[in-house]
Amino acid sequence: MSKEIASRKEDYSQWYNDLIIKGGLADYSAVRGCMVIKPYGFALWENMRDVLDKMFKDTGHQNAYFPLFVPKSLFEKEEQNAEGFAKECAVVTHYRLKLNPEKKGSLMVDPESKLEEELVIRPTSEAIIWSTYKGWIQSYRDLPLLINQWANVVRWEMRTRLFLRTAEFLWQEGHTAHATAAEAIAETKQMLEVYATFAEEFMAMPVIKGVKTPNERFAGAVDTYCIEALMQDGKALQAGTSHFLGQNFAKAFDVKFSDKENKLDYVWATSWGVSTRLIGALVMAHSDDDGLVLPPKLAPIQVVIVPIYKGDEQKKAIDEKVSELVKELKGAGVKVKYDDNENARPGWKFAEYELKGVPLRIGIGARDLANNVVEVARRDTKEKKSYPMEGLTQSITDLLNEIQKSIYEKAYSFREQNVTKADTWDEFVQLLDEKTGFISAHWDGTGETEDKIKELTKATIRCIPLDNPQEEGRCILTGKLSKERVLFARAY
RNA sequence: CGGGACGUAGCGCAGCCCGGUAGCGUACUAGCAUGGGGUGCUAGGGGUCGCAAGUUCGAAUCUUGUCGUCCCGACCA
């Protein structure tokens, strides 16, 4: 074993780091808190991006691009938003360097180049976008305005983790403007559905849709909807958010429109986003102690073919058979790689592609050629089986679908087993320490209680599930009356 | 920002306590054998020991400073 990875049981966060680094998704960089996304990891992101982008366009959105820099005076206009992000903003104060006269060969910030107004590097783009929308919206005829952008943002986090929380990350952010509150709320919910569908159907990761409590709300939002996923260590991960912004940003940036009766009103807004954090979620949702397990619908390589041979003659015969097979598989839309690299031996390749999470591996050698079969190994179950050459493409596409379904079901049943009800404080604390996962419990609805619980247990309210059953009960901390349960968990 | 660990070949590490020719594994290069689960043997190439100053005849090793990284916490839409 040349690439050892930690086991989940022995060191979960080391296991996670090992998968990312040794699986070739990303690398540490020269910049504190920032990572390099390597080709294999970026291919995964491109696949996610392509699917989401199509879903956004199918729901009527268009892409655009806004600047990385936000003048401080714009950034501070929506007070809650500005306050919420103030502590984690990188700020540009100068625009020039010069040679340092005191130290040969080094540069210094030229004090003469101080900017008149500082530029905030966007931690999110509401400010720059709404200052722009002001000029684009005059009439109800300009609405709805449905725009998305694919971009990078910077949040100067104290502690970073590969993909889950980096100082710079890639994401998409949708920013829409509507004539009525109802329409904006419908948009917010629609995009939450898009995210949930993406998570479940493509990432094979079950999520709980819900709404955040006021404490956990996006700074400047009226309501924050979210999808929450459960990781294998029992911690929750916020996988996507969709915000109903009310008229907060319209008022802050003075974006008004004339309705049909020629009355002026502020527009109603939404914003929604998912980020490269989803890659972290994907890694933790399905992978095992041998490496990544990727869902076929997003895997950069769906099938890898490994030849097993002695001598050039056998290799040649295999090459011929494989080239037919590759052609057929590609024709069926399968992303296939033939790894005939002479420098690595079969066993090495087997381990390598398992580490990289390739859903299916086809092994083909002289023995198989003689019998007109191949050996197919599933990454998720480690099952190996011989398949006849005839109809192989069909078998492969069936298997890929089967894997997609099967890893979803596995993750779903894990999630179901880890949503537990707690009715007393002792039960709640015990569950958090021993079983972890989501805990469904009554809460008195106050921010103070929520803070207190967080302080005592590090658990936060992940969400109030949509379509939550109404049920009389008493708050686990204060014993006050409550009309529904909410989901608590320790979270990333 | 607090606590901990660390910085020596691409990667993973030993050497440091007790100063004296910079080493191991892996990767890399070449050759032969091998090839159905991370090959074996042989021969090679590669390092201003994070950076700076100090002590010393002599510093990877001792002293001081400094920079950076990771982990745990605090913080975090």
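The chains referred to below are lettered A, B, ... by the order of the sequence lines, with proteins before strands, and numbering in each begins at 1. As the structure is a prediction and not an experimental result, all values here were calculated from the model.
- Taking a pair to require two hydrogen-bonding distances under 3.5 Å in either a Watson-Crick or a G-U wobble arrangement, B:rA60 remains unpaired.
- Applying the Watson-Crick and G-U wobble criteria (two distances, each under 3.5 Å), B:rC17 pairs with nothing in any strand.
- Between the C1' atoms of B:rA27 and B:rG45, the separation comes to 13 Å (whole Å).
- The residue A:Tyr309 sits close to a base: some heavy atom pair falls under 4.0 Å.
- In a base pair of the Watson-Crick type (N1 to N3 plus N6-O4 or O6-N4) or a G-U wobble (N1-O2 and O6-N3), with each distance short of 3.5 Å, B:rA9 is matched with no nucleotide.
- Residue contacts for A:Thr124: at a heavy-atom cut-off of 4.0 Å it reaches no nucleic acid atom on any strand shown.
- If you find the closest nucleotide of RNA chain B to A:Gly33 and to A:Tyr492, the one lying nearer the 5' end belongs to A:Gly33.
- Across every strand in view, B:rU48 sits unpaired, with no contact that passes the Watson-Crick or G-U test at under 3.5 angstrom.
- A:Glu216 comes within contact range of the sugar-phosphate backbone alone, with a heavy-atom separation under 4.0 Å but no base atom that close.
- For A:Glu157, taking side-chain heavy atoms from C-beta onward, the closest of the listed nucleotides B:rC75, B:rG37, B:rG38 is B:rC75.
- Comparing the same atom, P, in B:rG58 and in B:rG68 gives a spacing of 32 Å after rounding to whole Å.
- Residue contacts for A:Lys458: at a heavy-atom cut-off of 4.0 Å it reaches the sugar-phosphate backbone alone, with no base atom in range.
- Just one of A:Leu278, A:Thr276, A:Asp53 meets the side chain to side chain contact (heavy atoms under 4.5 Å, CB included) condition when paired with A:Met48; it is A:Leu278.
- Across all strands shown, B:rU42 is found opposite B:rA30 as a Watson-Crick or G-U wobble partner, with both distances under 3.5 Å.
- Pairing of B:rG37, defined by two Watson-Crick or G-U wobble distances under 3.5 Å, is not identified with any nucleotide.
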Please list, for nucleotides 29-34 of chain B, all pairs of protein and nucleotide N/O atoms separated by less than 3.5 Å.
residue: B:rU34; atom: O2; partner: A:Arg345; partner atom: NH1; Å: 2.7

Practice problem: Go through the steps for A:Val336 and A:Ile362 under the test side chain to side chain contact (heavy atoms under 4.5 Å, CB included), then give the verdict. | Solution: CA-CA 10 Å; A:Val336 57; A:Ile362 297 179; over 6 Å; no

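- Taking atom CZ of residue A:Arg165 and atom P of nucleotide B:rC71, one finds them 12 Å apart after rounding to whole Å.
- Note: NZ (A:Lys22) to P (B:rG12) measures 8 Å, nearest angstrom.
- A:Arg415 and A:Glu228 are not joined by a salt bridge, as no carboxylate oxygen comes within less than 4.0 angstrom of a charged side-chain nitrogen.
- B:rG7 and B:rG31: their P atoms are spaced 38 Å apart (whole Å).
- The interatomic distance linking A:Leu162 (CG) with B:rC70 (C1') rounds to 10 Å, in whole Å.
- Protein atom CG of A:Asp451 is 10 Å distant from nucleotide atom P of B:rC76, rounded to whole Å.
- Using bins of under 30°, 30° to 60° and over 60° for the plane-to-plane angle, the ring pair A:Phe66/A:Tyr133 lands in the perpendicular bin.
- Put simply, CG on A:Asp18 is 11 Å from P on B:rG12, counting in whole angstrom units.
- Toward the 5′ end of RNA chain B lies the nearest nucleotide of A:Pro346, the other residue of the pair A:Pro346 and A:Lys454 mapping further downstream.
- For A:Trp156, the ring pair (Phe, Tyr, Trp, His ring centres under 6.0 Å) criterion is met by no residue, not counting sequence neighbours.
- Not a single ring pair (Phe, Tyr, Trp, His ring centres under 6.0 Å) links A:Trp443 to another residue, sequence neighbours left out.
- Rounded to an integer number of Å, the gap from A:Gln314 CD to B:rG36 P is 11 Å.
- For the P atoms, the distance from B:rC13 to B:rU55 is 35 Å, rounded to whole Å.
- Residue A:Ser13 has its side chain nearest to B:rC71 when only B:rC76, B:rG36, B:rC71 are considered.
- If you take CD1 of A:Ile308 and C1' of B:rG35, they are 9 Å apart, rounded to a whole angstrom.
- The P atoms of B:rA43 and B:rC67 are separated by 47 Å, rounded to the nearest whole Å.
- Between A:Phe56 and A:Trp272, the gap from one ring centroid to the other is short of 6.0 Å.
- Across all strands, A:Arg217 comes closer than 4.0 Å only to sugar-phosphate atoms, never to a base (heavy-atom distances).
- Using a cut-off of 4.0 Å between Lys/Arg side-chain N and Asp/Glu carboxylate O, A:Asp289 and A:Arg8 are scored as salt-bridged.
- Contact annotation: A:Asn17 reaches the phosphate of B:rC71 (side-chain N/O to OP1 or OP2, under 4.0 Å).
- Side-chain proximity of A:Lys384 to B:rG37, B:rC71, B:rC76: nearest is B:rG37.
- Base engagement by A:Phe169 is indicated by at least one non-hydrogen atom pair under 4.0 Å involving a base atom.
- B:rG73 atom C1' lies 13 Å from atom CZ of A:Arg490, rounded to whole Å.
- At the heavy-atom level, A:Ala366 lies under 4.0 Å from base atoms of the strands shown.
- In this structure, A:Arg277 reaches neither bases nor backbone, as no heavy-atom distance under 4.0 Å exists between it and the strands shown.
- One finds a salt bridge joining A:Arg490 and A:Asp433 here, because a Lys/Arg side-chain nitrogen approaches an Asp/Glu carboxylate oxygen to under 4.0 Å.
- Under the Watson-Crick and G-U wobble criteria, each requiring two contacts below 3.5 Å, nucleotide B:rC76 is left unpaired.
- Comparing the P positions of B:rA5 and B:rG15 gives a spacing of 16 Å, expressed to the nearest Å.
- Nucleotides B:rU29 and B:rC71 are separated by 37 Å at their C1' atoms, to the nearest Å.
- Comparing the same atom, P, in B:rU69 and in B:rA22 gives a spacing of 31 Å after rounding to whole Å.
- Between A:Lys382 and A:Asp290, at least one side-chain nitrogen of the basic residue sits less than 4.0 Å from a carboxylate oxygen of the acidic one, meeting the salt-bridge criterion.
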